[in-house]
Chemist: 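Sharing a structure below in structure tokens format, with a few things to ask.
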Amino acid sequence: MKKILFFVLLFGLSLPMMAQITVQGTVKSSKDGSTLPGVSILQKGTTSGTVTDINGHYSFTVPNNATLVFSFVGFETREVTVNGRKTINILLKPTTVGLGEVVVVGYGTVKKSLVTGSISSVTSESIDNKPITRLDDALQGMTSGVTVAQSSGAPGSQPTIRIRGVTSINNSDPLYVVDGVVMNGGLEYLNPNDIASIEVLKDAASCAIYGARAANGVVLVTTKKGRANTPLQVHYNMQVGNQNVIKKVQLTNAMQYMQLRNEAVMNDGNAPVFSLAQINAAGAGTDWQNEIFSTAPYQSHNVSISGGSDNATYYVSAGYIDQKGIVEPSIAYDKKFSLTAKTTYKIGKYVTVGEYLGYTYRKNNTGLNTNSEFGGPLSSALNLDPLTPVYVGASVGTTYPQYALQAGNGMYYGISKYVGQEMTNPLAYLQTQLGNYGYSDNLVGNAYIDVHPIKGLTLKSQINVKKAYWGYKSFSPLYYLNANNNNTNMVVEYRYVNQNLSWNWDNTIEYTKDIGKHTFAVMLGTSALKTTGSGLNATYQGEPVTNYQDASFNFSLPTSQRIAGGYDNQPYAMSSMFGRLTYNYNQKYLFTGILRRDGSSKFGTNNHYGYFPSAQFGWVVNRENFFPKNKFLNNLKVRLSYGVVGNDMSLGNFQYESVISGGGSNNYVFGNDQLGVGYSTTSPANPNLKWEQTTSLDGGFDAILFNNSLSLTFDYYTKKTTGMLLQVQIPGFAGYTAEPWSNIGDLTNKGFEIDLGYNKTFGKDFRLSAHGNFAYNKNTVTYLGEGKTYLDGGATFQTASYPITRTAVGEPYGAFFGFQEMGVFHSQQEIDNYNKNGNLIQPNAKPGDFKWADLNGDGKIDQADRTFLGNPIPPYTYGITVNLGYKNWDFMVFGQGVWGNKIFQAYKRLDIITANYSIEAVNAWTIANPNSNYPRLSDNDPNNNFRYPSNFYLQNGAYFRIKTIQLGYSLPKRWMNVIGFKKARVYVNISNLFTITKYNGYDPEVGGSSYGIDRGIYPQSRTFLIGLNVGI
Amino acid sequence: MKHNKILSGLIIMLSAVVITSCSDSYLNVKPKGESLESNYYSTPAEAYAGLVAAYSALNTEAANSYANPLGPENSASDDCYTGGGGPSDMSQWQAMNDMNQLTPAQMPVDMWRVNFVGVKQSNLLLSKIDGVPGLSGADKARYTAEAKFLRAHYYFNLVVWFGNVPLFTTPQTTAQIYAAKQAKPAEVYAQIEQDLTEAIPDLPVTVPTSENGRATMGAAEALLGKVYLYEKKYTDAANILKDVNGTPGGTSRFGYHLLANYGDIFDPNNKFNAESIFEIEKTGSQNYDWWAWGQFKSNVYSLMTGPRGYARTGSSSTAPNFLSGWSFNPITPDLVDAMVKNGVYDPRYKYTVINLDSLVAAGQCTYAKDQCYAATGYFSYKWAPLKQYTSTVGNQVLNFDQDIIEIRLADTYLMEAEALVKSNTDLNRAQALIDAVRARVGLPSVPVNMANIKHERRMELATEGVRYFDLVRWGDAASVLNNMENGFSKHFTVGKNEVLPIPLSELTNTQMVQNPGY
């Protein structure tokens, strides 16, 4: 207040002839009539102003003919002439479509109405109150062109994010920038409650400011900060609830299993395994899925304190999330604790300093081997026979090997006599994982100084540091799960610790100037970064303990039982310069040009530096004189942009040289068990390595229609990636163990995106807002090297010899590839009829075997008959959010879906002949069931019905999912006044209430390293939560 | 005034950053723990590390898949089936068992790749050795001879397995790799002969214990003799093998003699014994666990041959104390019948075969026979995963240390005898050689002829990886493999399966031509 007084005095002195008047009043929202604290009030044409207090009240001394400008984030600015009035109460209208909002664009911000690139924003309102534990989850279904697929339903799992499709065969993960700090992974440190907004830069022209690492799109995260001239605000958010499995996979029960086993061996001409009496006595047997899934609790708490005076702001928060997993919740968990402090301080007139400090501790269980068909509880539950009991009894005599495990009740866990390999009793397996966990400590900080020496000029220097410690601890007791999974030798304790330090230093200078209706802004900057890291691990074998609680590295053991290892990360450095020129004429013709030069240590001297230019044009049509005043189309902006960006993220260091490295496979043994350490080259050199380059052209428009109630954004883009880094598939006779990298491949993404927003208040009490988005992306690989039509390799499943995906020219990246079955042969006649020039195409087939398509027509079925069977990545994605409000009630429903993709069901271990069957196998072809199209069961499988990857394993991956439903109630004002709260809202939230899909596995959302391949994915849960928001 | 100071400070700061940004040295970081090829081979120690790397490919247990050559070699023979946990377990080996399945996509690709790694590492050392400062003349000569011996060894494997392979004697650039064509088998054999002939004089007659496993003159001569035999150069083979073998039953000039007890040959406590001519050493000292895939220098094949779900019934059981394994390469009834004639056991049977079903019947042990694919009840014993040979540290499964003896004296005796019979030269010596092999296990003399040599080789060298090549070499593969008694027969196609298909991955963008019939 002192300051304001000073201003007032100053003003009074400088304009003594004007009559002064003290105006006071209250500012409220026209939406719900609530008072608005922190609204800025300025006397037009001067720098003097004030803000509303906690009750929305203000008082301001001005000349009696002054014009007051009321402005507040999220509301339309209003100008009011005083005209001698002493009381002026103001209603501010919320900005329906956010044109006044400011959008973060990388090293700066732009008013939304002047944005010329393709940028989507997600605000904290759509993040708050959802049970989101990670930043990246917040993007799902919220903006067009951003595909988010969970890699696992396990607590805290990182989803797979693709912005406008797969940009590179190597690494298509977007670049994350938090408060201007480029993050190289490790985003789990961020507390979702601290996020103020997320901006997604989608077109290359916008991304170009981040140059060599931005080809996959950029996600800019802005964290919350205190607001100036705002009294202390305390917020508390809480969520408590339970998660449950949504559906189980239909498998055969004990009787069905025994019948099918008999069927399989009898089809091979062998005697049945089970007698009729055994089958009749078997009953349903064990349902392993019932054993592993349980209700899992979830809770989160978050407290934040924020506020500010006129020269300082502060924001401090503490968050805690504790989530158990629905698969074996007794050990599966993810816990996160985070602390954040962010302050700014204004020194004198020209200088602002600020800093951010965050600390996060995370601990999670890691031993569940999810989304792998090779063991772990999910894979075992899907493949173990139903005959094996969970427990066999308290005494097993000599029938069980030493170290077979006992449950807490003294009962031994059942060991399957039928299914071995990686499949084990999941409850017994659990006992071997008790002492295993991963953890991380993240310290993130930045400090900056902002100087505004003269009007329009800003200099900023910011230093960012991220120090991460993470690791893993495990303990293996003595155990016997089955012949392949046991430790009967020594207990093993293992600890793995890593640290990583990355820092960058960004400096920018920006100057803006208005000359008449011309507005110019020039920004120049430099950036340098370096990362280093290292790790150590230790293994202690044979500690004199039997369980993880007693294990300790304090035990003295002979050196032969103490093993240690370590590594140093190869250093990585970048050095960059960049500039941006922004120009607009009367906010009507808009232009932005960007140029960035990046230097990267990943490339040899031939290509140290890369240049990334872009240009963006905008035309705000409605500001033209010829634009008719109408109620239909209120606002129209047409955009066009073109830009070039790079990608070096997938490339390791020193790939441009032939490096001599030692150890490992290069070693040999001489003398009396003496290991000789050998050194040799692992791959040939490629001094011409350079960036992958992505150029994109984007055209679109932003329109506001129907009396400012509907916003529409449309974008069409083409994106071409050239010089994609591929490991040259160097033939084996070259004798190298690693393949060299080279800039070879090209691919394109083309698509369009539509975003719709609707916002309207009906009458006094009813509010409706809805947001929808829809995107289509077509990904096509266009070049893979001279004469090369496809890449060798691809994803594999089980022990099959053919890969199940192929990256080929003319096809989307990693398309499913395999044999085509055309139903089964229902009779010998059909086999005989399937011939070429009288020669049977499948001479060894029997009725009930698949009829394979002889695609090359050579009269035999072999590898040349494989074809493309579908796309694992959905080309169509969409999301819709509807918010309804009535008086104190609010209701939100959010749904999201995809279509056009296929899912490969790799979790069915049909190579383990005794593995449990999917329920469909009951309908397998037999002489008695001759019309079935499910192939006959056979252990030998001479026709490769189950061994060939084929469309038999593929299912439609389309789904629509009601992701969130939330019903909330805000306590009325009069109650608030009684308890002294500013705000109190309670709500119930249901996640994943239902999913519409034809997919019959657990969950149609299959992200992760092998996108679209379901290896027994950890399914997402249905979550019921009760939440509370309190503001004091 | 104050803000001017801050401003100028900031401008200086910014300029400093711009300057550092521009300097290349900031970006020129150096690798840690690695060297660039151009800087390497600059000390004798680095030359020796290059030599170790040239040896390393001999002992690769895991690469694309499990890579011990005994697996595919035994799977292809009439001594073993592939076995394992199911019909697609180690499908590359299953294709060796049933050669109808053998395709460019489905074959033991490591047989190709690993040997070419050895060729590359040998060639790299040979190309650098002249310029290594400080390397003594003696060391240089020996390293050169060893690299040539190794190159010959790798190429011999390649030419026998694949017939038509590209021949490199220098390091190749990427462009040269793509332009390379296959050499004629005769050219490859000529290079092998030249390498071995040049290596022999520079290799040591014996090595100190600490250098066990390094190439010796005897090893090179034995290999050359084997090469000649495969080339059907019988006189040359007999001549050089005579030098290796010395007087039949006696001790040769290299110190080789037959061990008195046949079982001692394979005992890990008896490594580098007097019968071992070239031995690939495995170690149990490295604490390998699954993280070390591709790096194992232990014997993983041992564990692979063990029975699944194996347990002894009590500590007083007379059954062998195996670690449960993965039931690969079970012994065929065919081999059992060959070793047991009319109830009379060949003395080598008990060191070769373990009849597990009889031990189960006697209540001495149990195993999960229904999880063992192609189970015969007989398991291989020479490399069996006996617990006494497990490492006390590391993952038991991955740290067996049984060596693989590539060439041993009984083999060279029988090879020389074969060469003598085929060339019809010194039949008395041939008789003495086969008699010595039989006498060692207490068997009486039989007349030396091809039929008896063939039988003796099968008995003496069963499951040691030579049987399949013997059958192919003798032209017996089709008649033997397609007519196995008891259990399923194999499928050998004459004119095709004498060599393996060139792996599918080698045909992409290269000049390689597929072998006939594939």
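So you know, we letter chains A, B, ... as the sequences are listed, proteins then strands, and number each from 1. Reckoned from all heavy atoms, side chains included, excluding hydrogens, waters and symmetry mates.
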Chemist: What orientation do B:W293 and B:F296 show, parallel under 30°, tilted 30 to 60°, or perpendicular over 60°?
Modeler: perpendicular
Chemist: If you define the side chain from C-beta out and look only at heavy atoms, does anything of A:T458 sit under 4.5 Å from A:I509?
Modeler: no
Chemist: Based on non-hydrogen pairs under 4.5 Å, which of A:G664, A:A573, A:P684 is most in contact with chain B?
Modeler: A:G664
Chemist: Tell me whether B:E281 is salt-bridged to B:K297, with the criterion being a basic N under 4.0 Å from an acidic carboxylate O.
Modeler: no
Chemist: Given that the side chain runs from C-beta out, which part of A:K349 has a heavy atom under 4.5 Å from chain B: side chain, backbone, both or neither?
Modeler: neither
Chemist: Could you look at B:Y55 and say if it's the side chain, the backbone, both or neither that has a heavy atom under 4.5 Å from chain A?
Modeler: both
Chemist: Of the backbone (N, CA, C, O) and the side chain (C-beta and beyond), which part of B:L124 lies under 4.5 Å from a heavy atom of chain A, both, or neither?
Modeler: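 Looking at B:L124, just its side chain touches chain A.
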Chemist: Look at A:R261 together with A:D939 and state whether they make a salt bridge at an N to O cut-off of under 4.0 Å.
Modeler: yes
Chemist: Roughly how far apart are A:N489 CG and B:S391 OG, rounded to 0.5 Å?
Modeler: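 So the CG of A:N489 and the OG of B:S391 are separated by 7.5 Å.
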Chemist: So, are A:K460 and A:D506 salt-bridged, with charged N and O less than 4.0 Å apart?
Modeler: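 Looking at A:K460 and A:D506, the cut-off is not met.
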Chemist: Find the one option among A:N487, A:V677, A:I912 whose heavy-atom pairs under 4.5 Å with chain B are most numerous.
Modeler: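 When all of A:N487, A:V677, A:I912 are compared, A:V677 has the most.
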Chemist: Is A:K602 positioned over the aromatic face of A:Y572, cation under 6.0 angstrom from the ring centre and no more than 45 degrees off axis?
Modeler: yes
Chemist: Among B:Q106, B:E46, B:Q172, B:Q101, which has the most heavy-atom pairs under 4.5 Å with chain A?
Modeler: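 Result: the option with the highest number of such pairs is B:Q106.
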Chemist: Between A:S416 and chain B, with a heavy-atom cut-off of 4.5 Å, which part of the residue counts as in contact: side chain, backbone, both or neither?
Modeler: backbone
Chemist: So for B:A292, is it side chain, backbone, both, or neither that comes closer than 4.5 Å to the heavy atoms of chain A?
Modeler: neither
Chemist: Evaluate A:L457 against A:H452 for side chain to side chain contact (heavy atoms under 4.5 Å, CB included), listing each step before the verdict.
Modeler: CA-CA 6 Å; A:L457 181 66; A:H452 301 274; over 6 Å; no
Chemist: Between B:T60, B:T103, B:L58, which residue shows the highest count of heavy-atom pairs closer than 4.5 Å to chain A?
Modeler: B:L58
Chemist: A:S601, A:G785, A:S680: which one forms the most heavy-atom pairs within less than 4.5 Å of chain B?
Modeler: A:S680
Chemist: Quick check for you: among B:K120, B:Q295, B:Q121, which has the greatest number of heavy-atom pairs under 4.5 Å with chain A?
Modeler: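 The residue among B:K120, B:Q295, B:Q121 with the greatest pair count is B:K120.
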Chemist: For this output row, return yes or no: ring centroids of B:Y40 and A:Y679 closer than 6.0 angstrom.
Modeler: yes
Chemist: With rounding to the nearest 0.5 angstrom, report the CG to CE distance, A:D598 to A:M574.
Modeler: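 So the CG of A:D598 and the CE of A:M574 are separated by 3.5 Å.
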Chemist: Which atoms of A:F603 are under 4.5 Å from chain B, going by heavy atoms: the side chain, the backbone, both sets, or neither?
Modeler: neither
Chemist: What part of A:N569 lies closer than 4.5 angstrom to a heavy atom of chain B: side chain, backbone, both or neither?
Modeler: backbone
Chemist: Is chain A contacted by the side chain of B:D370, its backbone, both, or neither, given a heavy-atom distance below 4.5 Å?
Modeler: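 B:D370 touches chain A through side-chain heavy atoms alone.
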Chemist: For each of A:G542, A:G732, A:S476, tally heavy-atom pairs with chain B at distances under 4.5 Å, and name the one with the top tally.
Modeler: A:G732
Chemist: Report yes if some heavy atom in the side chain of B:S210 is under 4.5 Å from a heavy atom in the side chain of A:N672; otherwise report no.
Modeler: no
Chemist: Please classify the contact between A:L529 and chain B as side chain, backbone, both or neither, with a heavy-atom cut-off of under 4.5 Å.
Modeler: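 Just the backbone, heavy atoms under 4.5 Å.
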Chemist: Where does A:S600 contact chain B at under 4.5 Å (heavy atoms): side chain, backbone, both or neither?
Modeler: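 Backbone only.
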Chemist: Should the pair B:Y48 and A:F670 be assigned to parallel (<30°), tilted (30 to 60°) or perpendicular (>60°) ring geometry?
Modeler: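 Plane angle between 30° and 60°, so tilted.
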Chemist: Which atom names give the shortest non-hydrogen contact between B:D401 and B:P268, and what distance separates them?
Modeler: OD1-CB, 3.7 Å
Chemist: Of all of B:F272, B:Y367, B:Y373, B:Y178, which one pairs up most often with chain A through heavy atoms under 4.5 Å apart?
Modeler: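 Counting heavy-atom pairs under 4.5 Å, the top option is B:Y178.
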Chemist: Looking at B:I280, B:D289, B:T173, B:V119, which makes the most heavy-atom pairs under 4.5 Å with chain A?
Modeler: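 So the answer, after comparing B:I280, B:D289, B:T173, B:V119, is B:I280.
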Chemist: Given that the side chain runs from C-beta out, which part of B:K387 has a heavy atom under 4.5 Å from chain A: side chain, backbone, both or neither?
Modeler: neither
Chemist: Counting only non-hydrogen atoms closer than 4.5 Å, does A:Y567 touch chain B with its backbone (N, CA, C, O), its side chain (CB onward), both, or neither?
Modeler: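 Neither part; nothing is under 4.5 Å.
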Chemist: As an exercise, state the distance from CD of B:Q396 to OG of B:S298, rounded to the nearest 0.5 Å.
Modeler: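 Spacing of CD (B:Q396) from OG (B:S298) equals 13.0 Å.
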Chemist: Counting heavy-atom pairs under 4.5 Å to chain B, which of A:T914, A:T789, A:I730 comes out on top?
Modeler: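 Of A:T914, A:T789, A:I730, A:I730 has the most heavy-atom pairs under 4.5 Å with chain B.
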Chemist: Do A:Q561 and B:N287 make a side-chain contact, defined as non-hydrogen atoms from C-beta onward lying under 4.5 Å apart?
Modeler: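 They are not in contact (no side-chain heavy atoms under 4.5 Å apart), so the answer is no.
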Chemist: So which of A:P740, A:A734, A:G678, A:G599 has the largest heavy-atom pair count under 4.5 angstrom toward chain B?
Modeler: A:G678
Chemist: Chain A: which of B:P104, B:A63, B:G213, B:P307 shares the most heavy-atom pairs with it under 4.5 Å?
Modeler: B:G213
Chemist: Can you tell which part of B:Y310 gets under 4.5 Å to a heavy atom of chain A, answering side chain, backbone, both or neither?
Modeler: neither
